[in-house]
Amino acid sequence: MSSQLEKVKELIELRAEARLGGGQKAIDKQHERGKYTARERIAQLLDEGSFEELDMFVRHRCTNFGQEKKSYLGDGVVTGYGTIDGRLVYIFAQDFTVFGGSLSETMALKICKIMDMAMKMGAPVIGLNDSGGARIQEGINALAGYAEIFQRNIMASGVIPQISAILGPCAGGAVYSPALTDFTIMAKGISYMFLTGPKVVKTVTGEDVSQEALGGAEVHSNKSGVCHFAAEDGEHALKIIRKLFGFIPQNNLEEPPLVPCTDPIDRLEDSLNEIIPDSPNRPYDMYEVIGAIIDNGEFLEVSRDYAKNIIIGFARFNGQSVGIVANQPKYLAGVLDSNASRKAARFVRFCDAFNIPLVTLVDVPGFLPGTGQEYNGVILHGAKLLYAYGEATVPKVTVTLRKSYGGSHIVMGCKQLRGDMNYAWPTAEIAVMGGAGAVEVLYAKEAKASDNPAQVLADREAEYNKLFCNPYNAARYGYIDDVIEPRNTRFRIIRALQQLATKKVVNPAKKHGNIPL
Ligand code: HXC
């Protein structure tokens, strides 16, 4: 064999060794845990054969605790680039078979390298997390590595989309990288995220809690809102990422992909003319409205199980990607509270950062009153949503279906927050507050002094409703651009979006605003 051939053979052997990560035994153990390896996950996620791996020959540099005798090619992360539906993405997948995927100095360098490349090329970064946290043997070098990654997450925010899948442990300060990214997907049963694990919790607070109950996928999608998509398993998590990519652009200078539309743009949806119940206190399901107006009923909901009183997610109108924000009358009557405000505000900002128009469907009775909300800072959280809408420069189309009262009317993409096209259904009630509450404030004394207080209040309420609880009062002042037939909503939104395609609005130059965090 020529010496060149020998060198080629050596390369092939080294590559094979690198592909085994921490070795066959560790791979088998990973499978026994119900998890795929880093390379298997990358193969599942990217277009077939598109992955180009980088830094396969990197090894850690640590000599503490005899680490120099134990090192693996590629260290604990697989990095590189490939495509999803033909579009370039950068990816890192932590390899749990190598020191439990724990983050070393060199692992951080590998991750930072592809993050820097992604920024240069204007392409998204996907992180597949499965790690025991900072590599304990490396001490401060591992911490510095995390900080380098966080800094890049911050600089990339709003420039390129960043997506995190949690497919195993993600604990300690390591959770902050996913938290800084745009979307976090957790796989049920195998993933958990927490700042301090159950043992530390027990020591510090005495609380007994399992990993799942402390930071499993269900907890973070229902209670904390940290997780945007709870996947059934690891494979499902990767499918969600592929689906999500269909709605978002490569970077903040590009438009989201336009897909051919097979759903007629002028499709009339007669059911919408009868969807609003006669009684203002009866709910209906906003999902039915969304499903009826978007292309082919295809809706990718974000944070489905968190703050269900507001619905957010991606859909298309005539093939154009939009972000939908909609109150859900079926849950807490669609009231806005702290969690709903935060949930929607972050989504509005994502859409605005990445040139995705906003379609807002309004049926909101107001902000949830009470000490629970006030002590929780609903003023600041509501202001976040207000800020997000007011700051957004993407096309904004708002349709008011029924209630739109008080502060919540303003917050939900009203005209004065630079709503571009504001439509209302004939059933819309746009006012400072509902009739019953208003007459209590205005006419309680008059009613008390009369022989028939109930009649006085009923008469006054009817008068109030006639004057204010309709769309025409707002339309009279131009706060509503048109009152539309509900069944024609899809067509009117599409026409509005077509008209707004060339919209250009630039906010004043500044270092950055001071959103009420
Ligand atoms: C070095 C680690 C490691 C770590 C796991 N391993 N975590 N090596 N540093 N942080 C190694 C284990 O020693 C083991 O090596 C292999 O990975 C697999 O781990 P197991 O414990 O056998 O797996 P499992 O039973 O599934 O448990 C997984 C685990 C557990 C729950 C993640 O390993 C664990 O608790 N690890 C420590 C977690 C932790 O406290 N990390 C530091 C958090 S603080 P062998 O050779 O036996 O196969 C932190 C600060 C970050 O991260 C701050 C950023 C700002």
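Numbering of ligands and ligand atoms starts at 1, following listing order.
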Which of these, F150, Y192, Y176, has its nearest heavy atom closest to atom 55 (C) of ligand 1?
-> F150

From atom 42 (C) of ligand 1, work out which of G23, G132, G172 has a heavy atom at the shortest distance.
-> G132

Any atoms of ligand 1 less than 4.0 Å from a non-hydrogen atom of G133? List them with their elements.
-> 52 (O)

Looking only at heavy atoms, is any part of S102 under 4.0 Å from ligand 1, and if so is it the side chain, the backbone, or both, or is it neither?
-> side chain

Straight-line distance of M412 CE to N327 CG, nearest 0.5 Å | 4.0 Å

Measure from atom 50 (C) of ligand 1 to every heavy atom in G197, A134, A142, G100 and give the option owning the shortest one.
-> A134

Residues in side-chain hydrogen bond (donor to acceptor under 3.5 Å, both in side chains) contact with E105, at least two apart in sequence or another chain = R61

Sub-4.0 Å atoms of ligand 1 with respect to non-hydrogen atoms of K70 | 46 (O)

Taking NZ, NE, NH1 and NH2 as the nitrogens, is one of them in K239 or D233 under 4.0 Å from a carboxylate oxygen of the other?
-> no

Atom 20 (P) of ligand 1 has as its nearest protein heavy atom R33 NH2, 4.2 Å

Within a strict 4.5 Å, meaning less than it, do heavy atoms of the Q328 and K308 side chains meet?
-> no

Counting from 1 in the order shown, the ligand 1 atoms closer than 4.0 Å to a non-hydrogen atom of F99 are 2 (C), 6 (N), 8 (N), 11 (C), 17 (O)

H220 (side chain) donor-acceptor with M193 (main chain) under 3.5 angstrom = yes

Between L143 and ligand 1, find which residue part has any heavy-atom pair under 4.0 Å and reply side chain, backbone, both or neither.
-> side chain

Ligand 1-proximal atoms of Q30, by part, heavy-atom distance under 4.0 Å = neither

E391/R349 ion pair, N-O < 4.0 Å = yes

Would you list the pairs meeting ring-ring contact (aromatic ring centres under 6.0 Å, His included) in which at least one residue belongs to residues 146-167, sequence neighbours left out?
-> Y146-F150

Counting from 1, what ligand 1 atoms have a heavy atom of R135 closer than 4.0 Å?
-> 9 (N)

Atom indices of ligand 1, in the order listed, that fall short of 4.0 Å to a heavy atom of Q137 = 1 (C), 9 (N)

